[in-house]
Amino acid sequence: MLSYQLLRNHAGILLAGDFTSLHWLHEVIHDVNERSPLVRDKEGMFLALAYDIRKAYERQRESLEPPEHFEEVGVRYGVRILWPVLLLQQRMLRSSLAHLDHTAKTQAIAYALEAVIEEAVLDDFQSQGKDIITAWKRINPAHPDVFDMLDSRSGLFCSWTKAERKRKFLQLLISFEPLYDSYYALRLQQGQKDLVSPGDLTLWANAEWPDPKW
């Protein structure tokens, strides 16, 4: 079973699970990465989720001991993942299934990951949670540049303070819209708050991500 723990400073989650659940997720991601027509870079950021998951169940990330007096829960294994990265990886997984023949096992794992993310978003962002979920599910991973966009947005996200992440994360997700730059000036004139500047995104396009302090 998959579960989560929130990381500090609204940075993301510790995605955790027992050995079997994580191993299944690893297999599903590899299969989708190989067969999906939406995944253009077969060694890119989508496959990186499989790498992180494998490192978790190989005990090279974080191990979570069972709660006191509940030893039957067993040891779980986890890996820390930034919000922008995980949300885009999940969208690629979910959208790819519409183009592929897949088993009930694949669907179960994909829905389990989605359910954990939804719960964690609502837990972390509270009143903004539903709007963030809506914006996340509108991201189109079929757009050829969407994973290129992830680099600048993740760098900018890492540079923000805790308060900025909570306030601006919704707009960061909206900035994945293909025509975001074209509509930015209009949205600014309309008085929309906490917009992500295209200029800031350009500055972070090829920059090293700062320490997210998670």
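We're numbering straight along the sequence, starting at 1. Reckoned from all heavy atoms, side chains included, excluding hydrogens, waters and symmetry mates.
When only modelled atom types and interatomic distance are considered, Q90 and W136 share a side-chain donor-acceptor pair under 3.5 Å.
Distance alone, capped at 3.5 Å, is enough to place a donor-acceptor pair between the S154 side chain and the L150 backbone. Looking only at distances, no side-chain donor or acceptor of R61 sits under 3.5 Å from a matching main-chain atom of D52. Between the side chain of K42 and the backbone N or O of N33, at least one donor-acceptor pair lies under 3.5 Å. Side-chain atoms of Q128 come within 3.5 Å of backbone N or O of K166 as a donor-acceptor pair.
Applying the ring-ring contact (aromatic ring centres under 6.0 Å, His included) test to every pair with at least one member in residues 176-205, sequence neighbours left out, gives no pairs at all. Residue pairs that meet the salt bridge (charged side-chain N to carboxylate O under 4.0 Å, His left out) test with at least one member in residues 84-100, sequence neighbours left out, are R94-E114. Identified under the side chain to side chain donor-acceptor pair (under 3.5 Å) test for residues 96-106, with sequence neighbours left out: E27-K105, S36-S96, T103-T106. Pairs engaging residues 12-56 under the ring-ring contact (aromatic ring centres under 6.0 Å, His included) rule: F19-H23, F19-Y57, H23-Y57, H26-H30, H26-Y57 [sequence neighbours left out].
Contact annotation: the side chain of V146 never approaches that of N140 to less than 4.5 Å [non-hydrogen atoms, C-beta and beyond]. Contact annotation: the side chain of L87 never approaches that of I139 to less than 4.5 Å [non-hydrogen atoms, C-beta and beyond]. For the pair S175/K168, no side-chain contact is recorded, criterion being any heavy-atom separation below 4.5 Å from C-beta on. Within the 4.5 Å cutoff, side-chain heavy atoms of D145 are placed close to those of D148.
Not counting sequence neighbours, the partners of R80 by the side chain to side chain donor-acceptor pair (under 3.5 Å) test are E62. Residues satisfying the side chain to side chain donor-acceptor pair (under 3.5 Å) test with D124, not counting sequence neighbours, are H10, W83. Take D131 and apply the salt bridge (Lys or Arg N to Asp or Glu O under 4.0 Å) test, not counting sequence neighbours, and it matches no residue. Under the rule for a side-chain contact (heavy atoms from CB on, under 4.5 Å), the partners of E43 that lie at least two apart in sequence or sit in another chain are D41, L47. Shown here are the side chain to side chain donor-acceptor pair (under 3.5 Å) partners of S21, two or more places apart in sequence or in another chain: D18. Remark: R167 pairs with D194 by the salt bridge (Lys or Arg N to Asp or Glu O under 4.0 Å) rule, at least two apart or across chains. Scanning for side chain to side chain donor-acceptor pair (under 3.5 Å) contacts around K130 gives an empty result, with sequence neighbours left out.
For K193, the NZ atom sits in a loose shell: 12 or fewer heavy atoms of surrounding residues, nucleotides or ligands are nearer than 6.0 Å. Within a 6.0 Å radius of CD in E208, no more than 12 heavy atoms belonging to other residues, nucleotides or ligands are found. Around atom CZ of R187, more than 12 heavy atoms belonging to other residues, nucleotides or ligands sit under 6.0 Å away. Under a cut-off of 6.0 angstrom, the local environment of CG in N206 is sparse, with at most 12 non-hydrogen atoms contributed by other residues, nucleotides or ligands.
Taking CD of E58 as the reference point, atom CD1 of I53 lies at 11.5 Å (rounded to 0.5 Å). Rounded to the nearest 0.5 angstrom, I81 CD1 and L7 CG are separated by 9.5 Å. Considering OH of Y4 and CD of E118, their distance stands at 11.5 Å, rounded to 0.5 Å. Between the CG atom in L6 and the CG atom in D123 there is a gap of 4.5 Å [rounded to 0.5 Å].
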Exercise. S3 and V116: side-chain contact (heavy atoms from CB on, under 4.5 Å), yes or no, with the steps?
Worked result: CA-CA 6 Å; S3 61; V116 164; 5.6 Å; no
query = Going through the distances and angles, do M45 and L88 end up as a side-chain contact (heavy atoms from CB on, under 4.5 Å)?
reply = CA-CA 9 Å; M45 283 299 295; L88 192 56; over 6 Å; no
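Looking at every heavy atom in both residues, L82 comes nearest to C158 through CD1-SG, 3.5 Å. Taking both residues in full, the closest heavy atoms of L22 and A16 are given as CD2-C, 4.3 Å, listed atom of the first, atom of the second, then distance. Between L25 and L15, the closest heavy-atom pair is CD2-CD2, 4.4 Å. Between L64 and Q5, the shortest heavy-atom contact is CD1-NE2, 3.9 Å. Residue G78 comes nearest to L14 through the heavy atom pair C-CD1, 3.6 Å, listed as atom of the first residue, atom of the second, then distance.
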In residues 195-203, what donor-acceptor pairs under 3.5 Å come from side-chain atoms, sequence neighbours left out?
from : atom 1 : to   : atom 2 : distance (Å)
S197 : OG     : G199 : N      : 3.1
S197 : OG     : D200 : N      : 3.4
T202 : OG1    : P198 : O      : 3.0

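With F157 as the fixed residue, the ring-ring contact (aromatic ring centres under 6.0 Å, His included) test singles out one of F169, W214, W209: F169.
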